[in-house]
Amino acid sequence: MAKELWKGNEAIAEAAIRAGCRCYFGYPITPQSEIPEYMSLHMPEAGGVFLQSESEIAAINMVYGASGAGARVMTSSSSPGISLKQEGISYMCGAELPGVIVNVMRGGPGLGTIQPAQGDYYQATRGGGNGDYRLIVFAPANIQEVVDLMQEAFELADKYRMPVMMLLDGMIGQMMEPVEWKRPALSPEDLPAKPWATTGTKGERRPNIINSLFINPDACNDHNRHLEEKYQRVIENEQRYEINDADEAEVLFVAYGTPARLARAAARLLGEEGIKAGVFRPITVWPYPYEALHEAASKESVRAVVTVEMSTGQMVDDVRIGVNGIKPVSFVGQAGGVIPTPREVADAARKALGR
Amino acid sequence: MAKELWKGNEAIAEAAIRAGCRCYFGYPITPQSEIPEYMSLHMPEAGGVFLQSESEIAAINMVYGASGAGARVMTSSSSPGISLKQEGISYMCGAELPGVIVNVMRGGPGLGTIQPAQGDYYQATRGGGNGDYRLIVFAPANIQEVVDLMQEAFELADKYRMPVMMLLDGMIGQMMEPVEWKRPALSPEDLPAKPWATTGTKGERRPNIINSLFINPDACNDHNRHLEEKYQRVIENEQRYEINDADEAEVLFVAYGTPARLARAAARLLGEEGIKAGVFRPITVWPYPYEALHEAASKESVRAVVTVEMSTGQMVDDVRIGVNGIKPVSFVGQAGGVIPTPREVADAARKALGR
Amino acid sequence: MATGRVTFRQDRCKGCGLCVSVCPKKIIFLDENITNRKGYHPAAVKEMDQCIGCASCARMCPDSIITVERE
Amino acid sequence: MATGRVTFRQDRCKGCGLCVSVCPKKIIFLDENITNRKGYHPAAVKEMDQCIGCASCARMCPDSIITVERE
Amino acid sequence: MAYNEIIVAGFGGQGVMSIGTTMAEAAMSQGLNVSWLPSYGPEMRGGTANCCVVIADSEIISPIVLEPSELIAMNQPSLDKFEPAVKPGGLILVNKSIVERGIRRDDVRAVYVPSLEIASELGNMRVANMVMLGAYIEATKQLKFETVINMLRHIFTGKKAHLVELNEIALQRGAACSSGL
Amino acid sequence: MAYNEIIVAGFGGQGVMSIGTTMAEAAMSQGLNVSWLPSYGPEMRGGTANCCVVIADSEIISPIVLEPSELIAMNQPSLDKFEPAVKPGGLILVNKSIVERGIRRDDVRAVYVPSLEIASELGNMRVANMVMLGAYIEATKQLKFETVINMLRHIFTGKKAHLVELNEIALQRGAACSSGL
Amino acid sequence: MAIVYQKTKGLTDAETHYCPGCTHGIIHKLVAESLEELGVLEKTVGIAPVGCSVFAYDYFNCDMLEAAHGRAPAVATGVKRVLPDHVVFTYQGDGDLAAIGTAEIVHAAMRGEKITTIFVNNAIYGMTGGQMAPTTLVGQRATTAPLGRDRNHAGSPIRMAEILATLDGAAYIERVTVISPSHIMKAKRAIKKAFELQMEGRGFTMIEVLSSCPTNWGLTPVNALNWLNENMIPVFPLGVFKDVTKEEV
Amino acid sequence: MAIVYQKTKGLTDAETHYCPGCTHGIIHKLVAESLEELGVLEKTVGIAPVGCSVFAYDYFNCDMLEAAHGRAPAVATGVKRVLPDHVVFTYQGDGDLAAIGTAEIVHAAMRGEKITTIFVNNAIYGMTGGQMAPTTLVGQRATTAPLGRDRNHAGSPIRMAEILATLDGAAYIERVTVISPSHIMKAKRAIKKAFELQMEGRGFTMIEVLSSCPTNWGLTPVNALNWLNENMIPVFPLGVFKDVTKEEV
Ligand SMILES: Cc1ncc(C[n+]2csc(CCOP(=O)(O)OP(=O)(O)O)c2C)c(N)n1
Ligand SMILES: Cc1ncc(C[n+]2csc(CCOP(=O)(O)OP(=O)(O)O)c2C)c(N)n1
Ligand code: SF4
Ligand code: SF4
Ligand code: SF4
Ligand code: SF4
Ligand code: SF4
Ligand code: SF4
Ligand SMILES: [Mg+2]
Ligand SMILES: [Mg+2]
């Protein structure tokens, strides 16, 4: 198929529609407002629902309702707006509702800045809401990958009955790159039925209930066990990552999203000096590919692991857990909307190698 | 001083008043409603402000305002309510505002149950809100400790200009224990002035501004660096932990709050069988006492580290980071309001030891 | 005079007395001789033949445990 | 006829024209010969002696850059 | 070494919680370590309630009582639920007035207290839980009657002072139920 | 191996973004890899704007351009800001119409384009950025005029078809500025 | 003998957890009876709030969702937009609707969301133990207003029916109560009419029902109804605040 | 010659970032002039919102806090309760106040919070690029309503002055605009009166100011004022909606 030049945010929206999403609720916030803007025109054209909600909280709860009613549904926001959705996300996890949540991250904390950042990693991978729950979190590094993963995001959400987050930074939302629409567009009729959904009993079954309340602690514990087993299945089956140029690498960069691209640029710089560097890029940051990272770090050639983030260091926790002490782990990054340069990244590698 | 029997929630409220807190904003939620209830009667008596807000979001933003205006101020809630405060907490961190936030945790996710749990560890220690920020998080294990730490909580909040969280579980909020009021009560007049507060210029200075917006990414990055340095100082100076019976321990339990008590009970059970067990109890879960844990786990006698939580396993990440691969780390816990029994904990230890 | 009949699912009665208060014939009472499994003294009717089947009691009952019949 | 005088901080003018639209004497114009450092053509007065010092322009200016004096 | 782990259980409204707090207060004023932990639920009334009390002269490890050394069963469901958990050699106080059966285990002791009957004899149904407490104190000897009576003197003052004596008698009548032990 | 890293910078309203997207579109339709990355700010108008374009026949590693191989400086502040970052041996296209100074470095090449004057000669100020683009294409030879003209044919149809020719001339006039290179 | 009144099929056979004499139970019946009589139970989706009626999902005999505290109108919006031909209702308390959920109810009404809201105003937070609600009367005691609500400190009760009636999207807004059989019949008519207007696509409909909380008011069930009559109705007058069918000629 | 008009000391010397002809700038002046004239700048604390006026903290010459989107009334409440003798105001846009911040403003008004809110209604989200606001007119285009606001889908504009006037805690509510010097003088009187009533402790005060957004309306500054006059005022009538001083005899 022919390539088309797409802006990240618009590609996200279009990809969702092509994934059979016919319901979008959201509230404007830079740098992702092109998503609701695109949806406001194209969702009705596709016969779907676009609604600008009164707040991010309303949006996530509309998602809860629409998902309960069986729809493929999405919301999007950026950092402060995602913070406001935490209770709702926790509820969706508790009630086992699918849905896709896009976070086009900007610098924080607080109002911060509107420039790209990755300061919401903890929130996305650990759950900024209450209780034990997880989201599948995809962290694509370019627009083609965003588009390719979108259909999968909706599929996994439905399969596991849990929300899936697309964790991007503002840069991916704002830039343009060529896109190829590889998979055929889905229409809602093609999708499997959801017998658990609250679509009216039609007199054919007992009422369905969507709920996250388990007042009896034993029931609540059982429910947590049930969720845990599900998460275990996700951990076993849904880890995604990519490794680049790792042959005989002395230093292993670990980075997701935009910084992974910077790390590869840094690896080139190092290569020019004869230092071999590889890049380990988690594509799912939850479930985190701990074993794969451990293996990559285990290679004899690797002398240092350097985590690169657009934050003051969050994923580095997962890198430490994955590497588990077998190699030294260090961190390089910038926060608040500043993007680390390949040179800074290369310097950090040199330092980690003691050069 | 004589001991008095206090209910946890009421002791928290009283301790706050004695720490010079004269401002409370909050919204009812089980199992912490006794805090606002106590405050509604006793805060006005102390000449302070009690206000029941329209929501948890309003409460945290009232805290933001009152803190900006220079007051020692507190809010409290339980899990879902704390989720709603995440944006506000991130703003407070961004604007460097002190304040104390009490989370009397209940089972989740979502509405979950009202029984005690520890499922909000990630949220508390990693930040459920957007951007790079931290809270000092105290996790006391009994009411006396709650009371003792409260004054310190307010002091550290003011000292570092950041929010401090008291992370408790519903059990500590609901139970009664004897309390001794060791430190003299503070009155607001005793407290150091806050020259940065927005209390009106009085024509004596240029306007003060409380703000978390740094639209220029370099400024935002600098601000993040500044915060990071502050957090580094906190890490260096404010770690608190307790170690029990660790001499020649074969198994080291790691637990905070109520499970630390259960772990000690389990250690007794094991002791009866001749298995020596120690308990490492972080009192601050951020900053996490990684080095101290590493050292405790390093002891030759220790063959296994077992993390005990009232969750499906959250602090275990920090235990892994602290132990850093030198000893095997395992986990035992119950979630959703069920409290693990000392027997279950002891069993997990036996299993970890291969017995 | 129309004749009515009321029946109570006494095991589910919470003894709140709302039915008692609205019966125009004042024939409902809480039977202190019975304690149901929930620990309440359930409602009962003294003189059923006085019942006019007006269903006021049933409409009022928050627990929907009263059935009213009428000739 | 009262005599007024207006002065503009032209470097801060955004050339929005609101002052132009409200001047009862129609003596304000945007000076296309000047481009200030912000890239705008700032407001100026054609015939100052016509100015009645009514301050309509100044009240209207969103950027508070007009000062009005009167005899 | 004293380490009493007690569960008090019954219907909401039977004064279960206050039996527990009274025990805890008394123990504390005797210089012992104590903890009191209630069950809690949504606000809706009715249903059952219980609390755990730990009284010890050493440090209290955990306030949760899973295997009580003593159980005060104020109603049948509570006896059904907690009887199996009582430590071998432990004690069960049964509120005989509304519990129909006897205990089923033979490795624990039992005291049967007709608390309502006694209270009604004393002309005040509200002292029924004092009767149970009296039985407990006599049976375990951990707490002193004096301590409790002193506490009552602080609570009932002025016009209510006469209630001290009533409660004292209730305690004694309860104690008598355990005296055969 | 082609790996062009371009920064286009100027005032908001000068068509900076669309110069970039046109380059990216053209390169893509020539089968090259491309990326386009805008600066973005709060909505308030005015101020400066820039975008990064990468055009390559190999994989594009990073869309961020820190050291451009080519800089299109549409105004003075942009030249001031980005001139030092240009790669040695790189190229700077200067919008001579409003930039008063020449370049200061001697390790890069420069092309000066009087874009506004040319546009005004052509009777349509809106083609000024096509003039700049023409200069770029001629100077770097990475893109084909044909490709851009074809794209214009798709954009300007019906009543606007006559604009294709106008833009074509603008491109050529711009190209002429680079021809001395 | 013919049955003149029996439990509606709109309710399940579950026993409610409500306190004795709590009028939540009466209101449940009216909603359920209305849905049954309209023959729409099979295509109804209800939203339970957080409050004493949190377990309503176990009581209504139709598909149900349990919403986060205050967010029922947003959840209902999500459901209704996906299932425009279904009947969608929320059932919410005064803490849920008039405190934490203020924005959601105002905006559902503003949009003219085609849902029906049953707003149970008992002037207190029942579920959590009697804290002050935005609808608590001035002077009324609550666990967070131990000396009674003080107007100067905490303001006066909010009147949601009046507020929402200012919005063009509201099709029908009425305030009723259930303190007597005749009030109950009137309340039922109001609820049924709201559902009918929803089904006609007229816009947002809300019935505010003044309800009792004997437990937290500290009154017997019967006295609670008297208290409601004497104290609440003067502050929250009964009546129709908006009716699109009356605006037409 | 005597100065008859010059920049108020209530504003700092910072240049604003507002678009040319945006009436946010005029409204800033009126607030600042009022505070200056009342002589209270030194004991005033202002709260900036999130919206185009987010940087207001750099413009007002008094202590300022920047609040989270929609939460300015809660922040103001926190400040005022700590500093009851100070003058506290919020400055908020229509997205901020009438969408995400609905609950906060309604409850500040309900409580009779002794603050003054300057509500700048420009029927659009200015800051984020022209998305639909709750106050956007039916038929008005916005980047999230590309075909114009559709009443059936998104409802009709919300009228906050009318809503808040239903609350007992509101002492003074007026809607004004700044499209001409005479409107500006009227707006100023309203703002000043609001501050005065706040200082007298009368309760919550709000001045809604109809404002222009030439950039996102796609009009010249002058045409924007005409559009406002012709289209917004009919939907948002100017006038006093609540005035406690008039209720007294
Ligand atoms: C986010 C959140 N905040 C608070 C609570 C605690 N909570 C549960 S119900 C309730 C109030 C219930 O009052 P109301 O809505 O009036 O219903 P009622 O019980 O009176 O019927 C509160 C505050 C919660 N579950 N979630
Ligand atoms: C929680 C959150 N949601 C969304 C945003 C993005 N945002 C910034 S300003 C704004 C709307 C501004 O509109 P309005 O309040 O009408 O002010 P105006 O710019 O029109 O003056 C939005 C949605 C944000 N910063 N925070
Ligand atoms: S039907 Fe009427 S008369 Fe009969 S018992 Fe009920 S209320 Fe009384
Ligand atoms: S109204 Fe119903 S629950 Fe109450 S006493 Fe009568 S029958 Fe029993
Ligand atoms: S003061 Fe009046 S007359 Fe003079 S320039 Fe200004 S508007 Fe015109
Ligand atoms: S109103 Fe002010 S900014 Fe606008 S043109 Fe006139 S002087 Fe310039
Ligand atoms: S607490 Fe009040 S509202 Fe809740 S069930 Fe009991 S009486 Fe009803
Ligand atoms: S975007 Fe609109 S509201 Fe914002 S500054 Fe520009 S004109 Fe004013
Ligand atoms: Mg209520
Ligand atoms: Mg606006």
Side-chain angles (χ1 to χ4, degrees), chain B residues 2-9 28-34 78 104 106 111 113-116 141-144 169-180 244-245 255 257-269 271 279 281 308 310 334 337-345, chain E residues 1 3 5-8 16-45 47-69 82 84-85 87 143 147-148 150-151 154-155:
Chain B
K3 291 200 174 176
E4 300 166 5
L5 199 62
W6 279 83
K7 184 163 192 173
N9 283 333
I29 183 167
T30 311
Q32 65 82 52
S33 294
E34 294 87 356
S78 177
V104 184
R106 56 191 247 180
L111 195 48
T113 178
I114 57 179
Q115 300 304 318
N142 60 56
I143 299 176
Q144 182 66 54
D169 61 68
M171 194 150 98
I172 297 179
Q174 292 297 321
M175 68 190 281
M176 288 177 107
E177 282 182 330
V179 164
E180 207 178 326
N244 272 101
D245 327 305
T258 294
R261 302 175 74 147
L262 306 172
R264 290 192 54 203
R268 291 216 171 170
L269 290 178
V279 179
R281 178 171 77 88
V308 191
M310 277 151 58
Q334 301 285 358
V338 171
I339 294 164
T341 65
R343 239 172 256 290
E344 285 163 7
V345 174
Chain E
M1 197 191 83
Y3 204 96
E5 297 179 280
I6 308 134
I7 289 181
V8 191
V16 162
M17 298 299 176
S18 69
I19 295 178
T21 51
T22 310
M23 290 164 70
E25 285 274 9
M28 186 181 70
S29 68
Q30 286 179 210
L32 295 165
N33 291 317
V34 296
S35 70
W36 172 90
L37 176 70
S39 65
Y40 61 95
E43 278 309 308
M44 286 68 65
R45 308 307 134 138
T48 55
N50 68 71
C51 62
C52 303
V53 178
V54 182
I55 299 176
D57 52 14
S58 58
E59 185 193 2
I60 292 178
I61 305 283
S62 166
I64 305 163
V65 177
L66 295 168
E67 299 173 3
S69 48
F82 294 109
K87 273 207 183 77
L143 302 175
T147 323
V148 177
N150 263 332
M151 280 168 52
H154 280 98
I155 297 168

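Letters A, B, ... mirror the listed sequences (proteins, then strands); counts begin at 1. Every heavy atom of this structure was used, including side-chain atoms; hydrogens, water molecules and symmetry mates were not.
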With a 4.5 angstrom heavy-atom cut-off, could you sort out which part of [X] is near chain E: side chain, backbone, both or neither?
{"X": "B:T258", "value": "side chain"}
{"X": "B:P116", "value": "both"}
{"X": "B:I339", "value": "side chain"}

Without swapping roles, check the side chain of [X] against the backbone of [Y] for a donor-acceptor pair under 3.5 Å.
{"X": "B:Q174", "Y": "B:P31", "answer": "yes"}
{"X": "B:R106", "Y": "B:T113", "answer": "yes"}
{"X": "B:E4", "Y": "B:V179", "answer": "no"}
{"X": "E:S39", "Y": "E:A49", "answer": "no"}

With a 4.5 angstrom heavy-atom cut-off, is it the side chain or the backbone of E:S29 that approaches chain B, or both, or neither?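 For E:S29, no heavy atom lies under 4.5 Å from chain B.
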
